[in-house]
Amino acid sequence: MTGTEAIAHGHTSGGFEKTPGWLDWYDGPSVPTFRVPVGAVDAHCHVFGPGAEFPFAPERKYTPCDASADQLFALRDRLGFDRNVIVQATCHGADNRALVDALRRSGGRARGVATVRKDVTDAELADLHDAGVRGVRFNFVKRLVDRLDTASLEEIVTKIAPLGWHVVIYFEAEDLPELYDFFSGIPTDVVVDHMGRPDVTKDPDGPEFGLFLRFLRENPNVWTKVSCPERLSVTGPRALDGEQHAYTDVVPFARRVVEEFSDRVLWGTDWPHPNLKDHMPDDGLLVDYIPQIATTEALQHKLLVENPLRLYWPEGA
Ligand SMILES: O=C(O)c1cc(C(=O)O)oc(=O)c1
């Protein structure tokens with residue numbers, strides 16, 4: 001079954017109408033050929049709804065298909081991962097109920113990154129912490145959210161820092177110059193989603209990716225996820241039909257980051273892959289992408305086990 005055929009199955013959306021052209025997640029993932037190390041963490045994934053139980057936010061920019069916690073945990077087991085970091089998706093706005101429900105049902109095997117507003121109370125933050133939340137996400141991708149003013153975000157940082165939380169930032173490479181100083185001023189740990197979304201048609205030694213590398217070099221508190229080759233790739237080939245050398249145009253970018261910043265990199269599936277436009281990867285084959293970017297067992301162990309445990313389970317696994 002290909003990703004395109006999976007659409008015909010039509011995952012539900014809890015009475016909501018999916019965004020036209022929405023690609024559903026692929027429900028027949030292969031068991032990866034690459035065996036992830038014991039204790040591996042899928043450090044970037046989401047839950048959507050289910051919409052009937054946890055309605056999507058009125059201010060959302062897209063309406064996805066349902067992707068429940070149970071479905072996520074089934075994928076985790078099939079791919080050989082031990083734990084998840086579940087990141088609040090923008091389709092749920094600052095309503096973290098679906099995330100919290102998933103964390104509570106994970107039996108301690110998932111941590112979360114929430115979205116909060118500046119008026120969030122200490123009691124609400126304490127409840128999120130109790131559920132397993134360890135960070136907040138600031139999103140600067142214009143197609144996903146309305147722009148927030150940086151003063152509000154600074155207020156949020158002041159509130160979450162005492163909890164030992166970090167800030168996850170999602171932005172497009174072309175916006176880094178404008179946001180550079182704001183990001184550099186965040187005092188907590190910072191995690192950049194999807195390698196700051198480089199344009200992989202450009203040179204990895206060129207100025208655009210160079211600025212991102214400089215950002216990591218100058219700020220030892222900044223980490224990044226070397227995730228989402230399926231979003232960044234222009235040439236493919238896609239992680240479909242048994243392909244184990246997928247997304248070759250993204251490899252030089254991700255490998256560079258893994259090798260230079262081996263203690264500050266994370267990897268995640270990005271399941272259920274919101275807003276992909278032209279294909280839906282087989283998550284098993286996406287896992288087979290990992291050894292292309294982390295080429296030794298030592299690098300793989302840092303990427304998949306040591307680093308995420310240090311950030312999300314510092315008290316010990
Ligand atoms: O590129 C995206 O569309 C996307 C969206 C979301 C979200 O809606 O939260 O999260 C991601 O990690 C990526």
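Just so you know, ligand 1 is whichever comes first in the structure, and atom 1 is the first atom listed for that ligand.
- Pairs passing the salt bridge (Lys or Arg N to Asp or Glu O under 4.0 Å) check and including a residue from residues 35-57, sequence neighbours excluded, do not occur.
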As a test of reading the model: which N/O atoms of the protein lie under 3.5 Å from N/O atoms of ligand 1, and at what distance?
residue	atom	partner	partner atom	Å
ligand 1	1 (O)	Arg143	NH2	2.8
ligand 1	1 (O)	Tyr170	OH	2.6
ligand 1	1 (O)	Arg231	NH1	3.3
ligand 1	3 (O)	Arg143	NH1	2.8
ligand 1	3 (O)	Arg143	NH2	3.4
ligand 1	3 (O)	Asn275	ND2	2.8
ligand 1	8 (O)	Tyr62	OH	2.5
ligand 1	8 (O)	Thr90	N	3.3
ligand 1	8 (O)	Thr90	OG1	2.5
ligand 1	9 (O)	Thr90	N	2.9
ligand 1	9 (O)	Arg137	NH1	2.7
ligand 1	10 (O)	His46	NE2	3.4
ligand 1	10 (O)	Arg137	NH1	3.4
ligand 1	10 (O)	Arg137	NH2	3.2
ligand 1	12 (O)	His44	NE2	2.9
ligand 1	12 (O)	His46	NE2	3.3
ligand 1	12 (O)	Arg137	NH2	3.0
ligand 1	12 (O)	His194	NE2	2.9
ligand 1	12 (O)	Asp270	OD1	3.4

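- Using a 30° and 60° split on the angle between ring planes, Phe138 and Phe182 fall in the parallel class, below 30°.
- Remark: Asp122 CG is loosely packed, at most 12 non-hydrogen atoms of other residues, nucleotides or ligands lying under 6.0 Å away.
- Between Trp22 and Tyr62, the angle of the ring planes stays under 30°, which puts this pair in the parallel group of the 30/60° scheme.
- Checked by atom type, the side-chain pair Asp283/Thr269 shows no donor-acceptor distance below 3.5 Å.
- Summarising the geometry of Ala57 relative to Gly93, their closest heavy-atom pair is CB-N, 3.6 Å, with the distance given to 0.1 Å.
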